[in-house]
Each structure stands twice: as structure tokens, then as C-alpha cells.
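Naming: A, B, ... by sequence-line order, numbering from 1 per chain.
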Amino acid sequence: MTQTYISDIAAQAGETVELRGWLYNFRSSGKLKFLLLRDGTGIIQCVLSKKEAPDAVWEASETLAQETALILRGKVNQDDRAPGGFEIWLSDLQIVGASVDYPITLKEHGDAFLLDNRHLWIRSKKQHAVLRVRHQVIKAIRDFLDDRGFINFDAPILTPNASEGTTTLFKIDYFGENAYLSQSGQLYQEPGCAAFGKTYCFGPTFRAEKSKTRKHLTEFWMVEPEVAFMELPELMELAEDFICFIVNRALDRCQPDLEVLERDLEPLKRVQKPFPRMHYNDASKLLRDKGLPFTHGDDFGAPDEEAITAGSDRPVIVHRFPAAIKAFYMKPDPVDPTLSLSMDVLAPEGYGEIIGGSQREDDLKVLEEKIHEHKLPREAFEWYLDVRRYGTFPHSGFGMGLERTVSWICGIHHIREAIPFPRMIHRLKP
RNA sequence: UCCUCGGUAGCUCAACGGCAGAGCGGGUGGCUGUUAACCACUAGGUUGGGGGUUCGAAUCCCUCCCGGGGAGCCA
């Protein structure tokens with residue numbers, strides 16, 4: 001008999017089906033048992049009656065425990081008393097794999113315990129929903145870029161040099177040489193877009209920052225598009241379209257999961273073009289007017305980001321940050337060279353920065369000076385300078401953090417739930 | 001790295017200087033419509049490690065270890 005998935009059960013009403021999965025929970029009422037079966041596509045209630053089931057089946061059901069792997073057969077019956085409106089009247093039950101003392105119960109648990117049991121926690125309803133949304137967001141990211149003619153051009157994860165600074169890198173031994181885990185694929189996208197016009201990389205990146213906040217992981221996924229001949233205003237439009245597409249896709253395909261997460265959909269529905277643009281100088285003034293202890297010239301802290309997005313029901317784009325606090329490769333603003341042609345997209349509802357990007361410096365001389373100023377090893381960047389030596393051109397790109405985006409869309413409190421196996425300062429297992 | 005909170009049964013917590021307990025989970029029994037089912041009984045402990053104060057320490061002090069929350073930085 002072929003396997004039926006729980007997600008398809010409504011179409012099988014009245015039929016006898018075979019389900020394969022794991023026991024989510026069970027309740028017994030003497031001669032009547034209720035089994036909740038989970039198969040990855042959903043959860044369904046199965047009913048077992050001592051009077052109607054074969055004796056061997058009833059006996060087998062006496063040994064059931066949470067997460068026992070099962071093959072069940074029975075008739076699909078519509079019944080309002082069943083969660084979901086359908087239940088299975090069992091005629092056969094086969095134990096595939098026993099489960100003894102499953103640690104995660106349906107009651108409350110602490111964060112540390114759940115993280116230690118992350119490999120099992122992902123079977124729980126909420127975690128399951130978040131990771132399904134993550135899957136759809138990943139697909140939306142690729143669909144958006146692919147449909148616009150971008151080429152997937154992945155950057156290396158083992159790199160010989162730092163792209164932004166040297167304090168936040170994981171250092172590893174590479175056959176006796178120093179190598180680092182990539183903290184951004186951005187430098188490699190620039191030769192990429194010179195070859196293909198529009199490229200993106202999408203993969204894990206690593207930051208050895210000793211951060212302990214709900215917005216930080218030491219290993220996270222980032223998508224980084226880069227476009228030849230694009231300047232800052234169009235880059236902001238690209239970011240805006242990108243986010244709208246992703247949020248709409250989630251609303252379109254993830255409603256049941258967002259319901260499990262009790263996500264209020266109204267704020268997501270309001271995520272539409274155009275996003276407000278705010279010059280750094282205006283953002284700085286706004287913060288000081290609001291009485292926040294903000295120093296003009298600094299980057300924004302978490303309370304600053306919240307204050308900036310507080311008045312908006314959609315993401316806010318802040319542009320032209322001071323050059324001094326941004327990476328060496330960002331192009332200065334011709335209007336005020338102390339500022340850079342950079343932009344951040346801040347998500348509403350307190351989720352903060354989800355995108356950071358800029359127009360890149362395309363002048364060889366200026367870039368050489370910047371590398372010198374930042375005390376970066378010149379020889380490590382010769383290949384990067386070649387992009388300016390051989391047909392230089394204006395170009396722009398940004399990076400979007402996948403887990404921050406998923407957290408925002410799901411409305412979850414901590415970014416660690418937005419990735420299957422989170423890596424944080426005090427957590428390398430499981 | 002800094003600030004802050006915590007570590008007691010498998011899990012979530014209580015006891016806060018005087019006999020270490022409850023709920024869930026486990027086990028046994030009961031119940032033909034349960035919804036994190038319910039009811040009864042039952043097993044389960046070197047109170048994170050070390051040191052100190054005290055007649056007496058889970059409780060107070062010192063120290064180490066481990067973790068949660070937050071900050072800076074960033075996506």
C-alpha cells in the first residue's frame with residue numbers, strides 16, 4: 001500500500017489509507033484511544049477502538065510512547081470532534097521504531113534544555129513552522145533574483161583575507177597558512193558582476209563576534225546581490241522590491257505556518273512600496289529631537305533603530321552613513337565626501353537591520369588610498385583592485401541576513417530559532 | 001569583553017538558616033469522544049564543583065565551572 005501524507009488527507013475522505021510517521025501525543029479513554037500522528041506534513045488524530053480493532057493491534061498500541069515511529073492503516077473519516085476536521089479509524093498499527101523516554105514533552109521547557117535538544121526540538125510545532133517559512137523565504141530569494149537575470153555566483157568560504165576588519169574572523173590553519181572563514185562574499189561578487197552583469201551569492205557566513213543578543217549568530221546565511229552599472233538610488237529600489245516580494249511570498253504560501261506562530265499578518269500586509277528613505281543626517285536629527293543619547297557620526301544602536309522605525313508601518317531605508325564607520329570599499333558621496341553612498345534597510349516591529357549595502361568605490365586611486373588608510377595588506381587585495389584596472393564601472397550591492405528576515409516574518413523573539421542548528425558564542429552543539 | 005539573572009528529581013519550578021516538595025514525564029491500575037484529557041497509587045535527589053561561616057547550609061560568604069537575558073558590533 002502506498003503512503004498517504006497527512007497534508008493530502010482531506011482528498012481521501014472515506015478511503016482506507018496508510019500513514020507513516022511518529023506519535024506526537026496520545027490519549028486513552030479506556031477502550032478508546034486517540035493517537036496524534038505527525039509525518040512532517042501535518043498532524044492528524046487517529047482513533048483506535050478495542051471493540052473494532054484486531055486484538056494484536058490493540059496489544060501493540062499498549063507499548064506506544066511519544067515519538068514512536070509507526071505505520072498506520074485506517075479509514076479517513078470527517079468528524080468535527082477531531083482537530084483539523086478529519087480523523088483515521090485505525091484497522092492496523094505497526095511499530096517501526098520504539099521511542100523510550102523522549103525528553104521533550106508538550107509542557108514547558110527552558111531555553112538551555114531546548115537548545116541542547118535542538119535535534120529533537122525541530123519536531124515541535126512552532127520550530128517546525130519557522131523552518132518551513134525559512135524554506136519558503138530561501139526559495140523566494142532565489143526566484144526573485146533568478147527571474148531578474150541574476151547569476152548565482154557563490155563566493156568561497158575559506159578566504160585568505162578580511163573584507164572589512166580583522167577582529168571578527170574565525171582563523172583556521174590551511175596547510176600551514178592562515179585562512180579565515182568568510183564573513184561576507186561581497187568582495188568576490190564584484191569581479192562576478194564584471195563577468196556576468198548581475199550576480200549573487202547565498203551561503204553561510206561567519207563572525208567571531210562575542211555578541212550575545214537575540215539578533216546575532218556566529219554562523220548565519222546571507223544573500224548578496226551585486227549589479228554592474230547600478231548606483232545607490234536603484235540599489236534602494238532593488239532592496240525594496242526584494243523585500244516586498246519575499247514578504248508577499250510568505251503571506252501567499254506560509255499562512256498555516258504563520259498561524260501556528262500566531263503571527264499578526266496585518267503588519268506584513270502593509271509592507272509595500274515605497275519604503276520611506278531617510279538621510280543619515282535626518283535620522284541623526286530625529287534621534288536627538290526624540291532625546292536619545294545619540295552622537296552624530298556614530299552607527300545606530302538597537303534603541304536608535306527602534307526609534308527610527310517607530311513612526312513607520314513598513315521598513316525604513318537609511319542612506320549615506322558617515323564614511324568613517326563604513327567599510328573601505330564604499331564610495332564617498334560626491335555631495336559630502338565625509339558620507340558614503342551606503343544604505344541600511346531597517347525592519348519594523350523592532351527587528352532592526354536586515355539589509356546593509358552600498359555603491360562601491362570604482363576609482364583605482366581612491367581605493368588604493370582607502371586600503372592604505374585602513375591599514376589593510378595591499379598585496380592581498382591586488383586581485384580586487386584588478387576590477388578597477390580593467391574596465392572599471394559603477395556598481396552596487398547589498399547583503400541581506402536570512403535569519404533576521406525569517407525572524408521578522410515569523411515574529412519570533414530570537415534569531416536562533418530561524419536556523420536548524422544555531423551557532424552562538426556559547427553553543428557549538430548539537 | 002561588560003552588565004544582569006540563574007544552576008534543587010528526566011523536565012518546569014517551590015522551599016530562602018531547622019525533616020528536600022509539587023506539577024508534568026516514567027511505572028501500575030481505572031475510564032468508549034479525548035483535545036497539553038482526566039482520576040488513584042507508585043518509583044525517582046551527592047540541591048553544578050571546591051572551600052569557608054554555623055550547633056545546623058539547597059539557603060549566608062569566597063572561588064571556579066556552566067547556562068539564560070541584555071549591551072557594544074553587525075546581517
Side-chain angles (χ1 to χ4, degrees), chain A residues 24-36 43-53 58 62-63 65-67 77 79-85 87 89 99-117 120-121 124-125 163-165 167-168 183-186 202 204-224 239 298-305 321 325-327 344-347 351-357 398-408 413-416 418-419 424-427 429:
Chain A
Y24 187 74
N25 193 18
F26 69 108
R27 296 179 273 269
S28 163
S29 205
K31 306 289 182 287
L32 197 61
K33 284 181 183 173
F34 299 93
L35 283 60
L36 292 180
I43 295 174
I44 193 161
Q45 173 164 291
C46 305
V47 187
L48 188 62
S49 155
K50 183 163 191 186
K51 207 169 91 185
E52 294 174 34
W58 184 262
E62 305 279 33
T63 67
Q66 207 185 342
E67 292 300 322
N77 186 41
D79 193 316
D80 290 340
R81 290 173 295 184
E87 61 187 16
W89 275 86
S99 169
V100 180
D101 297 334
Y102 185 71
I104 300 179
T105 68
L106 273 60
K107 296 279 181 178
E108 279 176 38
H109 296 286
D111 294 326
F113 177 77
L114 289 170
L115 286 166
D116 284 341
N117 288 286
L120 303 174
W121 190 21
S124 303
K125 271 186 194 167
S163 72
E164 309 194 15
T167 55
T168 62
Q183 62 173 357
S184 164
Q186 122 72 14
F202 191 10
T205 47
F206 307 86
R207 307 265 168 106
E209 290 156 1
K210 294 186 173 176
S211 345
K212 267 188 65 177
T213 83
R214 74 175 86 117
K215 291 176 185 169
H216 289 85
L217 296 170
T218 54
E219 176 180 321
F220 66 97
W221 281 60
M222 186 155 63
V223 56
E224 296 174 275
D298 283 359
D299 211 342
F300 304 130
D304 305 322
E305 289 183 351
F321 285 80
I325 57 167
K326 287 293 181 182
D344 280 3
V345 180
L346 307 179
Y351 283 89
E353 183 181 350
I354 54 171
I355 280 182
F398 62 76
M400 186 181 80
L402 175 65
E403 290 78 13
R404 285 188 182 177
T405 305
V406 171
S407 295
W408 166 47
H413 179 254
H414 202 298
I415 190 173
R416 65 187 167 207
I419 187 168
M424 293 170 291
I425 176 164
H426 289 127
R427 195 162 288 280
K429 294 178 199 166

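Within 4.0 Å of Leu36(A), counting heavy atoms only, lies no atom of the nucleic acid at all. Met400(A) comes within 4.0 angstrom of no nucleic acid atom, judged by non-hydrogen atoms across all strands. Nucleic acid contact for Ile104(A): none, since no nucleic acid atom lies under 4.0 Å from a heavy atom of the residue. Counting non-hydrogen atoms under 4.0 angstrom, Gln45(A) reaches a base of the nucleic acid. Residue Thr405(A) is classed as having no contact, given no heavy-atom separation below 4.0 Å to the nucleic acid. Among the atoms of the strands shown, none is found under 4.0 Å from any heavy atom of Lys50(A). Counting non-hydrogen atoms under 4.0 angstrom, Trp89(A) reaches a base of the nucleic acid. Among the atoms of the strands shown, none is found under 4.0 Å from any heavy atom of Gly352(A). Here Asp79(A) lies in heavy-atom contact (under 4.0 Å) with a base. Within the 4.0 angstrom heavy-atom criterion, no nucleotide atom of any strand lies near Ala65(A). Using a 4.0 Å heavy-atom cutoff across all strands shown, Pro103(A) reaches no nucleic acid atom at all. Among the protein residues, Lys33(A) comes within range of no part of the nucleic acid, since none of its heavy atoms lies under 4.0 Å from any strand.
Closest contact between the side chain of Arg27(A) and the listed nucleotides U32(B), A71(B), A36(B) involves A36(B). In the set C74(B), G69(B), U12(B), the nucleotide with an atom closest to the side chain of Arg416(A) is G69(B). Which of C31(B), G25(B), A75(B) sits closest to the side chain of Lys31(A) comes down to C31(B). The nucleotide whose nearest atom lies closest to any side-chain atom of Glu305(A) is, among U34(B), C74(B), G69(B), C74(B). Nearest nucleotide to the side chain of Val47(A), out of C24(B), C74(B), G33(B): G33(B). You'll find that the side chain of Ala112(A) is closest to G68(B), out of G72(B), U32(B), G68(B). When distances run from any side-chain atom of Ser211(A) to the nucleotides G69(B), G72(B), G33(B), the shortest one goes to G72(B). Checking A75(B), G33(B), A36(B) against every side-chain atom of Lys107(A), the shortest atom distance belongs to A36(B). The side chain of Ser29(A) has C31(B) as its nearest neighbour among A71(B), C74(B), C31(B). Each of G69(B), U32(B), C31(B) was ranked by its minimum atom distance to the side chain of Lys51(A); first place goes to U32(B).
The existence of a salt bridge linking Asp116(A) and Arg427(A) is confirmed by a sub-4.0 Å separation between a basic side-chain nitrogen and an acidic carboxylate oxygen.
With hydrogens and angles ignored, no donor-acceptor pair under 3.5 angstrom links the side chain of His109(A) to the base of C11(B). If you check distances only, the side chain of His426(A) never reaches the base of C66(B) with a donor-acceptor pair under 3.5 Å. Checked by distance alone, Thr213(A) brings no side-chain donor or acceptor within 3.5 Å of a matching partner on the base of C73(B). For C66(B), the base has no donor-acceptor partner in the side chain of Arg427(A) [N/O atoms by modelled type, under 3.5 angstrom]. Below the 3.5 angstrom threshold, one finds a donor paired with an acceptor across the side chain of Glu87(A) and the base of G33(B).
Judged by distance alone, the side chains of Thr105(A) and Gln66(A) never bring a donor and an acceptor atom under 3.5 Å apart.
To the nearest whole angstrom, the two P atoms, one in C65(B) and one in G29(B), are 50 Å apart.
Remark: A9(B) base-pairs with no nucleotide in the shown strands. Criterion, Watson-Crick or G-U wobble with two distances under 3.5 Å. Partner assigned to C16(B) is none, using Watson-Crick or G-U wobble distances below 3.5 angstrom. Figure legend. U1(B) is base-paired to A71(B); pairs are counted as Watson-Crick or G-U wobble with both atom distances under 3.5 Å.
Glu403(A) places a side-chain N or O within donor-acceptor distance of the main-chain N or O of Trp221(A), the cut-off being under 3.5 Å.
Ring-base stacking between Phe34(A) and G33(B) is not satisfied when judged by a centre separation under 5.5 Å and a plane angle under 30°.
RNA chain B is contacted by both Lys215(A) and Ile425(A); Ile425(A) maps to the nucleotide lying nearer its 5′ end (nearest heavy atom per residue). Each of Asp304(A) and His414(A) lies near RNA chain B, and the nucleotide nearest His414(A) is the one positioned closer to the 5' end.
Distance Gln186(A) CD to C74(B) C1': 15 Å, rounded to the nearest Å.
Seen from the ring of Trp58(A), Lys33(A) counts as a face-on cation partner, given the 6.0 Å and 45° thresholds.
Minimum interatomic distance between Gly357(A) and Asp344(A) (heavy atoms only, all atoms of both residues): N-OD1, 4.3 Å.
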